[in-house]
Number of protein chains: 2
Amino acid sequence: MALTVPASSKRVPQPSAEWNGDSGCLVHNLRHKLRHAGLRPTRQRVGLGWLLFARGDRHVTAEMLYEEANRSRVPVSLATVYNTLHQFKEAGLLREVAVDGSRTYFDTNTGDHHHFYIENENQLRDIDGAHIEVGRLPDIPEGMEVSRVDVIVRLRRKIRP
Amino acid sequence: MALTVPASSKRVPQPSAEWNGDSGCLVHNLRHKLRHAGLRPTRQRVGLGWLLFARGDRHVTAEMLYEEANRSRVPVSLATVYNTLHQFKEAGLLREVAVDGSRTYFDTNTGDHHHFYIENENQLRDIDGAHIEVGRLPDIPEGMEVSRVDVIVRLRRKIRP
DNA sequence: ATCATTGCAAACGTTTTGCATTACA
DNA sequence: TGTAATGCAAAACGTTTGCAATGAT
């Protein structure tokens with residue numbers, strides 16, 4: 001801690017205008033959700049949850065969230081960002097999306113939906129589950145069951161618009 | 001070179017029974033394909049191509065192919081395996097498949113098809129394009145065009161068979 | 001006070017790169 | 001022979017881990 005926050009004496013409650021950990025119902029819900037998932041609502045988890053869930057559906061990588069946290073004066077280490085993203089995923093608050101072998105994206109939308117992936121821009125966009133339809137599935141191998149069906153519509157910019 | 005092959009004097013043509021670079025029509029086709037793609041049919045590229053294309057559809061990672069090459073007495077470095085896989089991909093001989101954030105898979109099947117992905121076993125299996133059907137696509141964003149649609153059916157082993 | 005959580009730095013596995021050596025055409 | 005391709009080792013990259021310090025309950 002004390003990354004960008006001035007080190008102070010002892011137990012000084014956050015006076016910051018950025019996020020005080022207890023101002024809105026979103027934060028209340030989040031703290032509740034975290035407790036329910038067996039996760040202590042610590043400063044870092046609430047801070048990251050606030051960044052993730054307060055502004056609609058998002059697709060973030062660990063690095064992106066880490067930088068955003070730094071900008072937003074949410075003191076957190078990169079290792080904790082990774083840990084937290086995975087804990088949130090286990091808790092069902094996030095979905096992991098694999099579109100590109102190099103980075104891992106996390107999606108705050110955990111509902112029924114799929115993805116556009118803009119190639120060369122590394123950008124993800126949601127496709128509502130109702131706007132796409134996977135007809136006929138193939139036979140599932142013996143002893144297996146479907147965990148999930150992911151559809152990724154890869155897009156590229158048209159050569160001449 | 002000379003990784004597992006005994007170092008010899010000069011310009012000894014391969015006496016090996018494993019792959020002599022000019023024995024079958026598959027190799028002929030491959031050499032032709034490579035030339036057509038602007039890739040010199042070097043020993044390593046032909047050797048790797050032979051491993052990749054001579055035994056039906058395959059899903060390999062760089063590491064897997066590297067180890068297989070070593071076992072098959074195709075002397076090649078890991079860096080060259082990576083380079084070659086990407087060159088083959090550019091040439092349209094392979095397709096890159098992103099299912100898991102950590103490793104990159106390459107698929108020798110470049111036709112119309114999708115994939116089963118067996119979670120926890122890191123195993124890929126083809127689904128023929130005719131056995132799956134993506135009905136209704138969503139509206140494509142302005143100025144964009146579809147490069148490809150990937151469907152990944154994630155499977156897990158049933159709890160009780 | 002206790003124990004989960006955090007931060008740091010170092011380890012990790014995969015992939016890429018720089019450059020001298022090799023080999024195809 | 002000239003130039004592309006290769007091998008090696010080292011760097012880069014995203015991610016995970018071990019352990020001492022911290023903080024929530």
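Letters A, B, ... mirror the listed sequences (proteins, then strands); counts begin at 1.
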* Return the set of residues passing ring-ring contact (aromatic ring centres under 6.0 Å, His included) with A:H114 (not counting sequence neighbours), or none when no residue passes. => none
* Structure fact -> Between A:R45 and B:T61, the residue closer to the 5' end of DNA chain C by nearest nucleotide is A:R45
* To do: Using a strict 4.0 Å threshold on nitrogen-to-oxygen distance, state whether A:R103 and A:E63 make a salt bridge.
  => no
* **Presence of salt bridge, A:D150 and B:R154, under 4.0 angstrom** =>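 Salt bridge present between B:R154 and A:D150.
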* To do: Count the heavy atoms belonging to other residues, nucleotides or ligands that lie under 6.0 Å from CD of A:E142, then report whether that count exceeds 12.
  =>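 No.
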Whole-Å distance between [N] [atom2] and [X] [atom1]?
X	N	atom1	atom2	value
B:M64	C:dT15	CE	C1'	17 Å
A:R31	C:dT5	CZ	C1'	15 Å
A:Q87	C:dA4	CD	P	13 Å
B:N83	D:dA9	CG	P	16 Å
B:Q44	C:dT22	CD	C1'	9 Å
B:R43	C:dA25	CZ	C1'	15 Å
A:Y105	D:dT15	OH	C1'	16 Å
A:K89	D:dT16	NZ	C1'	13 Å

[N], OP1 or OP2 - any side-chain N/O from [X] closer than 4.0 Å?
X	N	answer
B:H86	C:dT15	no
A:T80	C:dG7	yes
A:S77	C:dG7	yes

List, one per line, each side-chain donor-acceptor pair under 3.5 Å for residues 78-85 of chain A, sequence neighbours excluded.
| from | atom 1 | to | atom 2 | distance (Å) |
| --- | --- | --- | --- | --- |
| A:T80 | OG1 | A:S77 | OG | 3.1 |
| A:N83 | ND2 | A:A79 | O | 3.4 |
| A:T84 | OG1 | A:T80 | O | 2.6 |

* First encountered from the 5' end of DNA chain D, between B:T84 and A:L78 ->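 Closer to the 5' end of DNA chain D: B:T84.
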* Strand-adjacent residues in residues 33-40 of chain A, judged by heavy atoms under 4.0 Å from DNA chain C -> A:R40
* To do: Report the nucleotide, chosen from D:dT15, C:dC8, D:dT6, that has the shortest atom-to-atom distance to any side-chain atom of A:A62.
  =>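 Looking only at side-chain atoms, A:A62 lies closest to D:dT15.
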* D:dC8, C:dT6, D:dT25: which one has an atom nearest the side-chain heavy atoms of A:T42? ->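 The answer is C:dT6, which lies nearest to the side chain.
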* Could you walk me through whether A:H86 and A:F106 pass the ring-ring contact (aromatic ring centres under 6.0 Å, His included) test, one step at a time? => CA-CA 9 Å; A:H86 284 123; A:F106 290 87; 5.6 Å; yes
* **Sequence-distant partners of B:E96, side chain to side chain donor-acceptor pair (under 3.5 Å), two or more places apart** =>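 Partners of B:E96 by the side chain to side chain donor-acceptor pair (under 3.5 Å) criterion, ordered by chain and then number, come out as B:K89.
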* **Closest non-hydrogen atom pair between A:F53 and A:L93, with its separation** =>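 A:F53 and A:L93 have their closest heavy atoms at CE2-O, 3.5 Å.
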Dump every N/O contact between nucleotides 12-14 of chain D and the protein below 3.5 Å, one line per pair.
| from | atom 1 | to | atom 2 | distance (Å) |
| --- | --- | --- | --- | --- |
| D:dG14 | O3' | A:S102 | O | 3.4 |

* Asked: Below 4.5 Å, heavy atoms only, C-beta onward: do A:R35 and A:R40 meet side chain to side chain?
  -> no
* Asked: By side chain to side chain contact (heavy atoms under 4.5 Å, CB included), which residues pair with B:H131, not counting sequence neighbours?
  -> A:P138, B:I127, B:D128
